[in-house]
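Down below is the structure, laid out as structure tokens.
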There are 2 protein chains.
Amino acid sequence: MGIIRRTKSVEMLLDEFQKDSGAISVIELIKRVNSKINKTTVYRVLDNLEDDGILHSFLDKNGIKWYAKCYDCSTAGHSDAHPHFQCINCGKVDCLTLEVNIPKIPDREVMVAQVLIQGKCKACFV
Amino acid sequence: MGIIRRTKSVEMLLDEFQKDSGAISVIELIKRVNSKINKTTVYRVLDNLEDDGILHSFLDKNGIKWYAKCYDCSTAGHSDAHPHFQCINCGKVDCLTLEVNIPKIPDREVMVAQVLIQGKCKACFV
DNA sequence: TAATTTAATGCAACTGAGTTGCAAATATAA
DNA sequence: TTATATTTGCAACTCAGTTGCATTAAATTA
């Protein structure tokens with residue numbers, strides 16, 4: 001449906017993505033804005049921001065929902081085919097700008113590919 | 001922990017993977033063996049079979065757990081780096097034998113990559 | 001600026017996949 | 001056949017995410 005009114009909840013949530021460059025899990029967001037915004041509202045605002053092409057979402061290894069800022073998306077559609085990287089040590093998740101080449105598959109029409117890469121991030125990889 | 005005893009539950013579940021070449025969701029399995037095996041047992045047996053390198057698991061687009069037969073795995077470790085293909089029309093999920101090349105990423109150590117490809121399968125792609 | 005409209009919010013209760021603890025059942029070794 | 005250790009069923013639980021509905025508050029209009 002998308003965002004229509006510029007409410008406090010919208011401002012506050014967008015602000016979190018302003019100061020955090022990586023992806024943020026909904027659980028983490030709910031914790032951060034707890035006592036300010038109800039969790040139902042958090043889910044709904046994020047959903048709207050995704051419809052508007054401002055955020056995109058994906059599930060991590062444990063089926064938990066994460067959101068991150070979009071760069072090349074719009075209400076017309078998401079081009080968030082980029083892979084996501086989750087550190088198995090600190091849990092941080094980032095969008096990777098690199099492209100993963102998905103080969104053509106015989107007898108099948110490929111439409112979207114989700115790539116979740118796990119490993120150690122810069123801070124944890126010594 | 002792995003399977004130690006050859007019980008009816010183990011036979012019955014392995015049988016499902018014998019007659020079904022693709023992946024099967026736990027939800028579907030529970031439905032199929034319902035009234036024969038308790039859902040807790042289904043989860044536990046599948047978990048054991050994964051430990052034994054007989055099945056491997058992954059989450060689909062909706063965070064639902066699926067299992068499929070392993071080919072090159074063992075108790076020593078899973079080599080299930082192959083991508084999984086989910087048909088957006090009929091919902092069927094298959095393991096793809098092709099390899100997806102994950103490039104090296106600067107400052108990060110890549111350990112595992114999960115690739116879930118969505119599109120239309122042979123039957124649904126006309 | 002006040003009144004009106006309609007989107008956004010909070011709350012409580014719910015859903016559903018997956019988990020846990022424990023007593024009872026059953027496969028396997030002795 | 002008996003002993004013992006694994007497996008199972010059951011019921012109750014967890015927890016991320018959803019739904020319905022009454023209330024609140026943006027934004028529009030008069």
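Order of the sequence lines sets the chain letters (A, B, ...), proteins ahead of strands, with each chain counted from 1.
Among the atoms of the strands shown, only primed sugar atoms or phosphate atoms (P, OP1, OP2) are found under 4.0 Å from some heavy atom of B:Thr7. Residue B:Lys39 is in base contact, counting any heavy-atom pair closer than 4.0 Å across all strands shown.
A salt bridge (charged side-chain N to carboxylate O under 4.0 Å, His left out) with A:Glu16 holds for exactly one of A:Lys69, A:Arg32, A:Lys36; it is A:Arg32.
Annotation: B:Glu99, atom CD; neighbour count of heavy atoms from other residues, nucleotides and ligands within 6.0 Å does not exceed 12.
Of the residues in residues 27-38 of chain A, those placing a heavy atom less than 4.0 Å from an atom of DNA chain C are A:Lys36, A:Ile37, A:Asn38, in numerical order.
Rounded to whole angstrom, the span from the CG atom of A:Asp47 across to the P atom of C:dA8 amounts to 12 Å. Following rounding to the nearest Å, A:Met12 (CE) and C:dT9 (P) show an atom-to-atom distance of 10 Å. Computed from coordinates, the A:Ile3 CD1 to D:dA26 P distance equals 14 Å when rounded to whole Å. The CG-P distance, from A:Asp60 to D:dC15, rounds to 16 Å in whole Å. Between B:Lys8 atom NZ and C:dA27 atom P the separation is 9 Å, expressed in whole Å. For the pair B:Asn62 CG and D:dG17 C1', the computed distance is 12 Å after rounding to whole Å. C:dA17 atom C1' lies 15 Å from atom CZ of B:Arg44, rounded to whole Å. Nucleotide D:dA25 holds its P atom 19 Å from the CD1 atom of A:Ile4, rounded to whole Å.
Across every non-hydrogen atom of A:Pro103 and A:Val110, the tightest pair is O-CG2, 4.5 Å.
Listed for the B:Asp107 side chain is no donor-acceptor partner under 3.5 Å among the backbone atoms of A:Lys122. No donor-acceptor distance shorter than 3.5 angstrom exists from the side chain of B:Lys120 to the backbone of B:Asn89, with no hydrogens or angles considered. Under a 3.5 Å cut-off, the side chain of A:Asn38 and the backbone N or O of A:Thr40 do form a donor-acceptor pair.
At D:dG9, none of the side-chain N or O atoms of B:Thr40 fall inside 4.0 Å of OP1 or OP2 (strictly under the cut-off).
Comparing atom distances between the A:Val45 side chain and each of C:dG18, D:dG17, C:dT9 picks out C:dT9 as nearest. The nucleotide whose nearest atom lies closest to any side-chain atom of A:Val26 is, among D:dT8, D:dG17, C:dG10, D:dG17.
For the residue pair B:Gln114 and A:Gln114, no side-chain donor N or O sits within less than 3.5 Å of a side-chain acceptor on the partner.
Remark: the B:Arg5 side chain and the D:dT6 base include a donor-acceptor N/O pair separated by less than 3.5 Å.
Map B:Arg6 and B:Ile64 each onto its nearest nucleotide of DNA chain C; the residue landing nearer the 5' end is B:Ile64.
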